[in-house]
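Below, read A as the first sequence line, B as the second, and so on, with proteins coming before strands; counting in each chain starts at 1.
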Amino acid sequence: MGNSHRVDGRAPVHGFYASSSWIEGAAVRQLEAVAAISGVCAVAGMPDLHPGKFGPVGCAILADHIHPAFVGSDAGCGMALFALDIASRRLRIDKAADRLRDVAKPYDGDIAGELAMHGLAPSDFDAALGTIGGGNHFCELQAVEEVFDPNCGIDRDRAYLLVHSGSRGLGHQLLERQVADGLRPLATDSAAGQAYLQAHDHALRWASRNRQVIAQRAAAALRCEADPVCECSHNCVVHRADGVLHRKGAAPSDQGLVVVPGSRGALSYLVAPLATAPKEALWSIAHGAGRKFDRSSMMGRVGATRSDRERLARNPFGGSVICEDRALLVEEAPEAYKPIAGVIGDLEAFGLARVVASFRPLVTVKKIANERPRREDRR
DNA sequence: ATGTTC
């Protein structure tokens, strides 16, 4: 079981990380502060734990109310893995990268039709459907590095696509409205609680559809098809018999296979969560490597010269990074993240998951430069 | 994280 501690009357805090793992003190203090909040029943910290704006990222929180702050500003954000019907050895990195630039452009498909087909009501933010977004979001072409479980369904010859994106403006608006309202906990049976859950569910379905459309666009750019392998959200809340379970940067352990991505310069792991996991883990596992360094400190760590940028545009596997936003290129450098091997090692050591396959990054798509508006279009 | 610079 995880290392645990309990201070008078506060909810128990269980950390599922080794003492040697890189966990910031500030993140642990945030975790303890969450446990001290009235109505919080239990808190689980994952090995990718790091400090966040409204509380720690990389944790699961069981409470007697809905806490919108615990879900954060990107409800529905998550990972989706797709198998491509193309052999990874047939891919040429630079040609694939050139084609995948399309995914970083606005989507010009039939968004209204796409949403209607899947029973999603229109919103003010639908124009962003099919686009990656900013921050840590990405669309990554991958090759299989290793298959550990021959029955996991992963074909070592194929290329795969990993999409990390969320609900864009929808989730942002969802939290903004709660902030305007005092960011209070909501009773599940209250009108405000029900309204939150309804909007939250819409954001989750929109985010899932967003990842699917991004994958379809990437597959179309590569002249192939994408078949879903697994998908989950790591920013969400679920009302269960035992309480309200919040996941803030935590993947579910009760919904099948989960991808735990490393940084864009590291392997990503497909894991099978274990049914025998301790209940203190709150039906959750890590959602990624977790940040090691604050965004604002990264410029000083990786440098800003042309050669620094050229280095950051490649990965250690000979792969390529499409990120024409210089600040983002630096903020999301591989060095900003914890080593994924340690996170996976902790998941295994604490009996939360077993690894079934690993993937290496070939092309990571983030952002392309804004097209400069034509003179006659400017005011 | 953010139709992020209305």
Heavy-atom side-chain contact between Pro273(A) and Asp254(A) under 4.5 Å: no

Distance in angstrom units between Glu176(A) CD and dT2(B) C1', rounded: 8 Å

Separation of dA1(B) C1' from Asp325(A) CG (nearest whole Å): 14 Å

Whole-Å distance separating the NZ atom of Lys53(A) from the P atom of dA1(B): 12 Å

Report all interatomic pairs (protein N or O, nucleotide N or O of nucleotides 4-6 of chain B) with separations under 3.5 Å.
unit_1: dT4(B); atom_1: O4; unit_2: Lys367(A); atom_2: NZ; d: 3.1

Length of the CG-C1' vector between Leu204(A) and dA1(B), whole Å: 15 Å

Considering all heavy atoms, the nearest Leu31(A)-Val13(A) contact: CD2-CG1, 3.8 Å

For atom NE2 of His172(A) and atom P of dT2(B), their distance in whole Å: 9 Å

Interatomic distance where NE2 belongs to His200(A) and P belongs to dA1(B) [whole Å]: 17 Å

Note: Asp94(A)-Arg314(A) ion pair, threshold 4.0 Å (strictly below): yes

Sugar-phosphate only, base, or nothing, as touched by Gly166(A) at under 4.0 Å among non-hydrogen atoms: nothing

Aromatic ring pairing His287(A)/His50(A), orientation class (parallel under 30°, perpendicular over 60°, tilted between): parallel

Side-chain touch Ile340(A)/Ser268(A), heavy atoms, less than 4.5 angstrom: no

Salt bridge Glu332(A)-Arg295(A), side-chain N to carboxylate O under 4.0 Å: yes

